[in-house]
Amino acid sequence: MIIPIGDVEYEILLNIIEAFVLQEGTEYGEQDVDLADKVQQVLTQLKSGEAFLVYSELHETVNIVAKEHLKLDETVD
């Protein structure tokens with residue numbers, strides 16, 4: 001289930017993003033990206049619809065998933 005980011009308190013959203021970034025690591029090739037910058041990048045992706053907050057009822061977890069990795073219903077905008 002997709003969770004609209006507007007339904008999540010800002011501090012909680014930032015904590016979710018930070019946990020996601022730390023799981024993924026923070027090394028991005030030759031140029032290091034600090035945690036705050038990566039959090040802002042993910043926040044921008046969530047706001048633009050490039051990524052979504054997804055709740056798994058099976059695992060009772062929230063994750064961030066890139067749009068291209070989701071199978072969205074064609075009728076949903």
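Remember, it's a predicted structure, so these values are computed and weren't measured experimentally.
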Side chain to side chain contact (heavy atoms under 4.5 Å, CB included) evaluation trace for L22 with L35: CA-CA 8 Å; L22 291 172; L35 179 61; 4.1 Å; yes

Pairwise distance CE(M1) to CG(L53) - rounded to 0.5 angstrom: 11.0 Å

Pairwise side-chain contact, D37 with Q40, heavy-atom cut-off 4.5 Å (strictly under): no

Close side-chain approach of E18 to L14, heavy-atom, < 4.5 Å: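 They are not in side-chain contact.
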
Residue pair I2 / F52: nearest heavy atoms and the distance that separates them: CG2-CD2, 3.9 Å

Shortest non-hydrogen contact between Y55 and I3, atoms and distance: CB-CD1, 3.6 Å

Given V39, I64, V62, the one that forms side chain to side chain contact (heavy atoms under 4.5 Å, CB included) with F20: I64

Those residues that, when tested against I12, pass side chain to side chain contact (heavy atoms under 4.5 Å, CB included) (two or more places apart):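 I12: side chain to side chain contact (heavy atoms under 4.5 Å, CB included) contacts with V8, E9, I16.
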
With A36 via side chain to side chain contact (heavy atoms under 4.5 Å, CB included) - residues at least two apart: D34

L46 vs L13, side chain to side chain contact (heavy atoms under 4.5 Å, CB included): CA-CA, chis, key distance, verdict: CA-CA 10 Å; L46 288 167; L13 179 61; 4.1 Å; yes

